[in-house]
Visitor: 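Structure in structure tokens, see below.
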Amino acid sequence: MDIRKPNRFELKKVLSLSPQAVFDGKLGEVEPTKKKIEQLVNPLLEKGSYYLIATENDQLMGWILMGTSKDQFTDMMNGFIYELFVIEEFRGNGISKLLMRAGIDHLKQDGYSEIRLSAFEGNQAIKLYEKMGFSIRTITMSLQL
């Protein structure tokens with residue numbers, strides 16, 4: 001398996017599959033359009049965020065999107081993982097862990113001393129994040145009216 005930055009063709013493929021990634025990551029509560037994904041991702045890419053993809057035999061298996069975020073209280077810049085996704089047929093093979101490890105390594109090389117991410121409660125990936133050393137820092141709560 002190879003983990004690397006995507007070429008232009010591979011990036012288009014990732015972006016075309018991103019609505020499914022967001023749908024899965026939000027546990028089916030949100031079903032974004034391709035246009036909405038573009039509105040969310042393009043500004044990130046323009047500001048230096050980037051994808052790493054996992055491939056084998058030229059087949060896309062999954063990806064991680066990472067970049068920076070600014071702490072709203074301290075103005076400190078942190079590494080941030082915006083998206084982690086493994087295509088369903090490749091799940092259960094440790095690809096998420098390999099993508100996370102590569103993402104952490106890249107963000108560390110980029111000079112960040114802290115990495116943050118957000119996840120919906122109930123997302124199975126939380127177990128992976130905790131095993132990799134992430135801990136809960138904030139909790140967002142919701143009240144349906």
Visitor: Indicate yes or no: does Glu114 engage Lys108 in a salt bridge with an N to O separation below 4.0 Å.
Guide: no
Visitor: Would you indicate whether the side-chain heavy atoms of Leu128 and Lys97 approach each other to under 4.5 Å?
Guide: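 A side-chain contact exists here, since the closest heavy-atom pair is under 4.5 Å.
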Visitor: Do Tyr82 and Met66 touch side chain to side chain, with heavy atoms closer than 4.5 Å?
Guide: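 A side-chain contact under 4.5 Å is absent here.
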Visitor: For Leu60 versus Val14, what's the shortest heavy-atom pair and its separation?
Guide: CD2-CG2, 4.0 Å
Visitor: Step by step, work out the side-chain contact (heavy atoms from CB on, under 4.5 Å) result for Met132 and Lys127.
Guide: CA-CA 9 Å; Met132 299 195 82; Lys127 293 175 189 171; over 6 Å; no
Visitor: Grouping I, L, V, M, F, W and Y whenever their side-chain heavy atoms are under 4.5 Å apart, do Leu143 and Ile139 come out in a common cluster?
Guide: no
Visitor: Are any non-hydrogen side-chain atoms of Ile53 and Met61 less than 4.5 angstrom apart?
Guide: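 When only atoms from C-beta onward are counted, Met61 and Ile53 do not touch, as no gap falls below 4.5 Å.
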Visitor: Mind listing the closest non-hydrogen atom pair of Glu56 and Met1 along with its distance?
Guide: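 Smallest interatomic distance, heavy atoms only, reads OE2-N, 3.4 Å.
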Visitor: Charged N to carboxylate O under 4.0 angstrom, Lys36 versus Glu38?
Guide: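 Looking at Glu38 together with Lys36, the answer is no, because their closest N to O distance does not fall below 4.0 Å.
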Visitor: Nearest 0.5 Å, please: how far is OH in Tyr112 from CG in Leu107?
Guide: 7.0 Å
Visitor: Relative to the ring of Tyr51, is the ring of Trp63 parallel (under 30°), tilted (30 to 60°) or perpendicular (over 60°)?
Guide: perpendicular
Visitor: Which heavy atom in Gly67 sits nearest to a heavy atom in Ser49, and how many Å separate them?
Guide: CA-OG, 3.4 Å
Visitor: Rounded to the nearest 0.5 Å, how far does CG of Leu17 lie from CD1 of Ile37?
Guide: 10.5 Å
Visitor: Using 0.5 Å steps for rounding, measure from the OG1 atom of Thr55 to the CG atom of Asn7.
Guide: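 Separation between the atoms: 9.5 Å.
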Visitor: Quick check: do Arg91 and Phe85 have side-chain heavy atoms less than 4.5 Å from each other?
Guide: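 Yes, at least one pair of side-chain atoms sits under 4.5 Å.
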Visitor: Using a 4.5 Å cut-off on heavy atoms from C-beta on, say whether the side chain of Lys34 contacts that of Ser16.
Guide: yes
Visitor: Which pair of heavy atoms, one from Ile64 and one from Gly103, lies closest together, and at what distance?
Guide: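 Closest approach of Ile64 to Gly103, heavy atoms only: CD1-CA, 4.2 Å.
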Visitor: Count the heavy atoms belonging to other residues, nucleotides or ligands that lie under 6.0 Å from CG of Asn57, then report whether that count exceeds 12.
Guide: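 Atom CG in Asn57 is not packed in, count stays at 12 or less.
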Visitor: Roughly how far, to the nearest 0.5 Å, is CD1 of Ile115 from CE of Met100?
Guide: 7.5 Å
Visitor: Compare all side-chain heavy atoms of Leu84 with those of Tyr129 and state whether any distance is below 4.5 angstrom.
Guide: yes
Visitor: Any heavy-atom pair between the side chains of Thr68 and Lys47 that's under 4.5 Å?
Guide: no
Visitor: I'd like to know if the side chain of Asn42 reaches the main chain of Gln39, judged simply by a donor and an acceptor atom lying under 3.5 Å from each other, with no hydrogens or angles considered.
Guide: no
Visitor: I'd like to know whether Ile136 forms a side-chain contact (heavy atoms from CB on, under 4.5 Å) with Ile126, so could you lay out the CA-CA distance, the side-chain angles of the two residues, the decisive distance to 0.1 Å, and finally the verdict.
Guide: CA-CA 10 Å; Ile136 294 173; Ile126 293 171; over 6 Å; no
Visitor: State, to 0.1 Å, how close Ala125 and Asn123 come at their nearest heavy-atom pair, and which atoms those are.
Guide: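 Minimum heavy-atom contact is N-OD1, 2.9 Å.
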Visitor: Atom CG in Leu40, atom CD in Glu83: separation rounded to 0.5 Å?
Guide: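 Taking CG in Leu40 and CD in Glu83, the distance rounds to 9.5 Å.
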Visitor: More than 12 non-hydrogen atoms from neighbouring residues, nucleotides or ligands closer than 6.0 Å to CG on Asp58, yes or no?
Guide: no
Visitor: So, do Lys5 and Leu52 sit near enough that their side-chain heavy atoms are less than 4.5 Å apart?
Guide: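 Yes, their side chains come closer than 4.5 Å.
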Visitor: How far does CZ of Phe134 sit from CG of Leu117, to the nearest 0.5 angstrom?
Guide: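 Separation between the atoms: 4.5 Å.
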